[in-house]
Amino acid sequence: MSQLSQESRILSRDNMKPTDMSLLLATFAACPAPQTLAAMASRQAPLCGLAPCCLWLLGVILLMNASARPANHSSARERAGNREENEILPPDHLNGVKLEMDGHLNKDFHQEVFLGKDMDDFEEDAEPRKSRRKLMVIFSKVDLNTDRRISAKEMQKWIMQKTAEHFQEAVAESRAHFRAVDPDGDGHVSWDEYKVKFLATKGHNEREVAEKIKNKWDLNIDEETQEVLENLKDRWYQADNPPPDLLLTESEFLSFLHPEHSRGMLQFMVKEIIRDLDQDGDKKLSLSEFISLPVGTVENQQGQDVDDGWVRDRKREFEELIDANHDGIVTMAELEDYMDPMNEFSALNEAKQMIAIADENQNHYLEPEEVLKYSEFFTGSKLVDYARSVHEEF
């Protein structure tokens with residue numbers, strides 16, 4: 001193998017190993033020193049000594065540049081593919097909805113309905129003083145009568161306002177995604193059109209898939225993808241308003257992606273969750289069924305603490321918010337009311353619970369000191385020096 005081909009192999013990112021850096025540096029160190037190069041130049045051989053050295057120097061620079069890129073970052077093409085897939089698949093997480101698609105509690109719900117689109121302003125690495133100030137600005141907006149305390153009614157109105165923001169954001173995103181799957185721009189998307197786009201995001205050739213579907217040929221897809229397609233088709237049927245034609249309009253496509261925007265799709269989502277959690281087949285949920293732990297093995301105390309937290313949080317949610325008549329059984333209607341993000345009664349109950357968690361003086365109001373002390377609950381970030389900062393921020 002020639003020296004040039006060896007150099008190409010060493011400098012390849014795909015073949016790069018920790019030892020390659022040592023090899024490069026060692027070889028570079030073996031290059032002639034500047035004085036030697038000058039002597040070589042005087043002997044009319046400048047290119048013979050300088051070119052190999054420059055080549056190795058370039059190799060080191062390229063290696064450093066390649067090493068500076070995190071290895072776990074996907075390529076631009078992969079990220080573009082992921083974005084395309086995310087555009088046409090219903091999201092796993094719905095902002096402002098209490099339960100996830102799989103029946104898990106939405107752990108970010110309180111931040112979503114308290115911060116709305118300002119959630120990104122309260123990241124872990126945000127400057128605490130600025131975050132405290134932003135939090136107090138939000139407090140003043142919730143405090144409609146400016147008495148420096150938040151009532152349940154004020155919190156309820158705020159929750160409804162933030163939920164409406166999430167709705168508007170979902171509508172805007174769905175509109176853009178609809179255009180991506182409506183190739184002929186006729187304002188309708190057929191199930192076959194959607195299936196072609198979906199399989200294209202899975203690496204299948206779009207033209208070949210379209211041809212196979214047109215001729216009713218076997219698509220040759222794996223079992224996992226086939227299962228996903230079947231679930232999506234069930235959801236597609238549900239979003240297709242009567243009379244069913246398997247063609248979704250822009251508003252029906254919104255319901256397909258975001259079931260919280262449609263009463264019928266919300267009911268479908270509730271049925272799916274109850275089906276997954278219901279152990280005795282009565283189409284209702286008991287407390288034991290709702291708090292039942294996912295399948296798995298607890299191997300240490302930390303895992304046990306996670307399990308204990310899971311049971312505690314779900315038990316409180318079941319008893320205080322979901323089971324409206326407190327009979328120990330949750331019906332489909334109760335779960336639907338609980339999950340409906342635009343249900344004003346549920347928003348009021350949520351407001352009361354949020355206040356109760358931080359209401360240290362038990363006066364049924366939220367005050368600035370309490371909001372700052374329990375900032376982790378409201379923002380996801382713990383803001384220190386809450387007592388001293390109240391005076392500063394006001």
Side-chain angles (χ1 to χ4, degrees), residues 91 93-98 100 105-173 258 260-261 313 316-317 320-321 340-394:
H93 175 78
L94 303 172
N95 288 335
V97 179
K98 293 293 302 255
E100 306 286 9
L105 294 179
N106 176 3
K107 62 183 179 62
D108 297 324
F109 176 78
H110 297 114
Q111 290 95 52
E112 289 169 358
V113 297
F114 188 74
L115 301 177
K117 292 186 290 187
D118 295 326
M119 282 187 67
D120 292 342
D121 294 339
F122 291 87
E123 296 178 351
E124 288 295 332
D125 57 352
E127 203 280 309
R129 185 185 178 97
K130 290 182 180 179
S131 296
R132 288 195 301 268
R133 189 164 295 170
K134 290 176 183 176
L135 184 56
M136 287 299 95
V137 168
I138 293 175
F139 182 97
S140 65
K141 291 179 180 179
V142 185
D143 180 21
L144 295 175
N145 62 4
T146 65
D147 63 352
R148 290 192 61 180
R149 59 183 190 174
I150 296 174
S151 67
K153 279 289 186 182
E154 287 173 326
M155 183 66 85
Q156 177 199 27
K157 291 180 181 178
W158 182 255
I159 289 174
M160 297 297 292
Q161 182 179 331
K162 295 294 108 178
T163 301
E165 284 184 8
H166 290 306
F167 265 51
Q168 293 162 6
E169 187 176 18
V171 169
E173 290 178 355
H258 290 272
E260 75 276 18
H261 286 251
D313 291 344
R316 182 177 65 242
E317 203 76 9
E320 296 181 9
L321 293 176
D340 183 1
M342 297 307 291
N343 185 316
E344 293 188 6
F345 181 73
S346 294
L348 180 59
N349 285 338
E350 189 62 42
K352 291 177 179 178
Q353 187 192 53
M354 291 174 70
I355 289 175
I357 287 174
D359 184 20
E360 289 199 334
N361 60 13
Q362 299 296 304
N363 67 349
H364 305 293
Y365 290 89
L366 272 183
E367 297 172 1
E369 296 89 343
E370 294 168 334
V371 172
L372 285 167
K373 184 171 183 178
Y374 287 85
S375 60
E376 192 167 8
F377 172 76
F378 292 104
T379 70
S381 301
K382 193 166 185 176
L383 311 179
V384 295
D385 300 331
Y386 63 89
R388 184 190 65 184
S389 65
V390 173
H391 173 72
E392 294 178 357
E393 310 308 344
F394 273 97

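Note that this is a predicted model, so its numbers are computed, not measured.
Asn106 places a side-chain N or O within 3.5 Å of a backbone atom of Val97 that can act as its donor or acceptor partner. Under the 3.5 Å distance criterion, the side-chain polar atoms of Gln111 are left unmatched by any main-chain donor or acceptor of Met119. Put simply, the side chain of Glu127 gets close to the backbone of Arg129: a donor and an acceptor are under 3.5 Å apart. The backbone N or O of Ala347 sits nowhere less than 3.5 Å from a side-chain atom of Gln156 that would complete a donor-acceptor pair.
Here the side chains of Ser375 and Leu135 are in contact, with some heavy-atom distance below 4.5 Å. Using a 4.5 Å heavy-atom threshold, the side chains of Lys130 and Asp121 count as separate. Contact of the Met342 side chain with the Phe167 side chain is registered, since non-hydrogen atoms from C-beta on lie closer than 4.5 Å. Side-chain contact check for Tyr365 versus Glu370: every heavy-atom pair is 4.5 Å or farther apart. Using a 4.5 Å heavy-atom cutoff, the side chains of Gln353 and His110 are in contact. Side-chain contact between His166 and Glu260 is absent, with no heavy-atom pair separated by less than 4.5 Å.
Within the structure, every pair that satisfies the salt bridge (Lys or Arg N to Asp or Glu O under 4.0 Å) test and touches residues 155-171, not counting sequence neighbours, is listed here: Lys162-Glu165.
Residue-environment remark: CD (Glu344) stays at or below the threshold of 12 foreign heavy atoms within 6.0 Å. The number of heavy-atom neighbours closer than 6.0 Å to NZ of Lys352, taken from other residues, nucleotides and ligands shown, is 12 or below. Around atom NE2 of His93, more than 12 heavy atoms belonging to other residues, nucleotides or ligands sit under 6.0 Å away.
By the salt bridge (charged side-chain N to carboxylate O under 4.0 Å, His left out) test, Glu154 is found to be paired with no residue, residues two or more places apart in sequence or in another chain being considered.
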